[in-house]
Amino acid sequence: MPLSITPIGRVVGGRTVVADDFWGGVEAVIRLDASYPEEVVQGLADFSHLVVVWHFDQTSADDVALHARSPRNNPAWPPTGTFVHRNHRRPNQLATSFPRLLKVDGLDLHVTDLDAVDGTPVYDLAPYFQEMGPRGEVRQPAWPGEMLASYWAEQARH
């Protein structure tokens, strides 16, 4: 059965251009729908991080790639399947991010390190609970670390 969901808010501010790297230090606001009562965020300020589900809305269905390919088209990295990549080429074009929560101001959630651009629809969010994070040893091949070496670096300001 298809799922029909409505955004709970939008990203306001931060970056306006989609890019592969340099998301560190970017501040933005997740502005929740004004129809929600403020008590929906009661207690949220006690948490340092959020889990945010958002949509790659600046892409098209034609961007979906249901085949193995090298990450960022770099032949130095092995071809991997669609569900190994964390980008807009996924069937539902949804992403999950873990930004730091700086403050709660009414229905405005001030965050940093959210890798979504201004105007991005947000479909869900929750506080990050350490107890709900990965259990056991986390393992991964070398290429994600190589690929993402500059992902959270701060962009040089001119």
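When all heavy atoms of Val17 and Trp23 are compared, the pair lying nearest together is O-CH2, 4.5 Å. Closest approach of Arg10 and Gly119 over heavy atoms only: NH1-O, 2.7 Å. Nearest heavy-atom pair, Trp77 versus Pro71, reported as atom, atom and distance to 0.1 Å: CE3-O, 3.2 Å. Taking both residues in full, the closest heavy atoms of Phe98 and His49 are given as O-CD2, 3.7 Å, listed atom of the first, atom of the second, then distance. Summarising the geometry of Trp152 relative to Asp113, their closest heavy-atom pair is CH2-O, 3.2 Å, with the distance given to 0.1 Å.
Applying the salt bridge (charged side-chain N to carboxylate O under 4.0 Å, His left out) criterion to Asp118, with sequence neighbours excluded, gives no partner residue. Applying the salt bridge (charged side-chain N to carboxylate O under 4.0 Å, His left out) rule to Arg31 yields the partners Asp108; only residues at least two apart in sequence or on another chain are considered. Scanning for side chain to side chain contact (heavy atoms under 4.5 Å, CB included) contacts around Ser4 gives an empty result, with sequence neighbours left out. In this view, Asp21 and Arg72 satisfy the salt bridge (charged side-chain N to carboxylate O under 4.0 Å, His left out) rule, not counting sequence neighbours. For Leu66, the side chain to side chain contact (heavy atoms under 4.5 Å, CB included) criterion is met by Val64, Thr82, Pro91, not counting sequence neighbours. For Phe47, the side chain to side chain contact (heavy atoms under 4.5 Å, CB included) partners are Pro127, Phe129, not counting sequence neighbours. Here Phe83 pairs with nothing under the ring pair (Phe, Tyr, Trp, His ring centres under 6.0 Å) rule; sequence neighbours left out. Pro134 is linked by a side chain to side chain contact (heavy atoms under 4.5 Å, CB included) to Tyr128, Val138, counting only residues two or more places apart in sequence or in another chain.
Among residues at least two apart or in separate chains, there is no salt bridge (charged side-chain N to carboxylate O under 4.0 Å, His left out) pair with a member in residues 48-69. The list of salt bridge (charged side-chain N to carboxylate O under 4.0 Å, His left out) pairs with a residue in residues 33-46, not counting sequence neighbours, is empty.
Side-chain atoms of His85 never come within 3.5 Å of backbone atoms of Arg90 as a donor-acceptor pair (strictly under, hydrogens ignored). A donor-acceptor pair under 3.5 Å is absent between the side-chain atoms of Arg15 and the main chain of Ala28, judged by distance alone. Judged by distance alone, the side chain of Thr96 and the main-chain N or O of Val53 form no donor-acceptor pair under 3.5 Å. At distances below 3.5 Å, at least one donor-acceptor pair connects side-chain atoms of Gln93 with backbone N or O atoms of Ser60.
In this structure, Gln42 places its CD atom where only 12 or fewer heavy-atom neighbours from other residues, nucleotides or ligands lie under 6.0 Å away.
Through direct or relayed side-chain contacts under 4.5 Å between Ile, Leu, Val, Met, Phe, Trp and Tyr, Trp54 connects to Ile8, Val11, Ile30, Leu32, Tyr36, Val40, Val41, Leu44, Leu50, Val52, Phe56, Leu101, Val104, Leu107, Leu109, Val111, Leu114, Val122, Leu125. Grouped with Val12 in one hydrophobic cluster are Val29, the linkage being side-chain heavy-atom contacts under 4.5 Å among Ile, Leu, Val, Met, Phe, Trp and Tyr residues.
Using bins of under 30°, 30° to 60° and over 60° for the plane-to-plane angle, the ring pair His55/Tyr123 lands in the perpendicular bin.
Hydrophobic cluster membership is shared by Leu148 and Trp143, with clusters built from Ile, Leu, Val, Met, Phe, Trp and Tyr side chains linked at under 4.5 angstrom. Note on Leu94: it does not cluster hydrophobically with Val18, by side-chain heavy-atom contacts below 4.5 Å among ILVMFWY residues.
For the pair Val117/Gln58, a side-chain contact is recorded, criterion being any heavy-atom separation below 4.5 Å from C-beta on.
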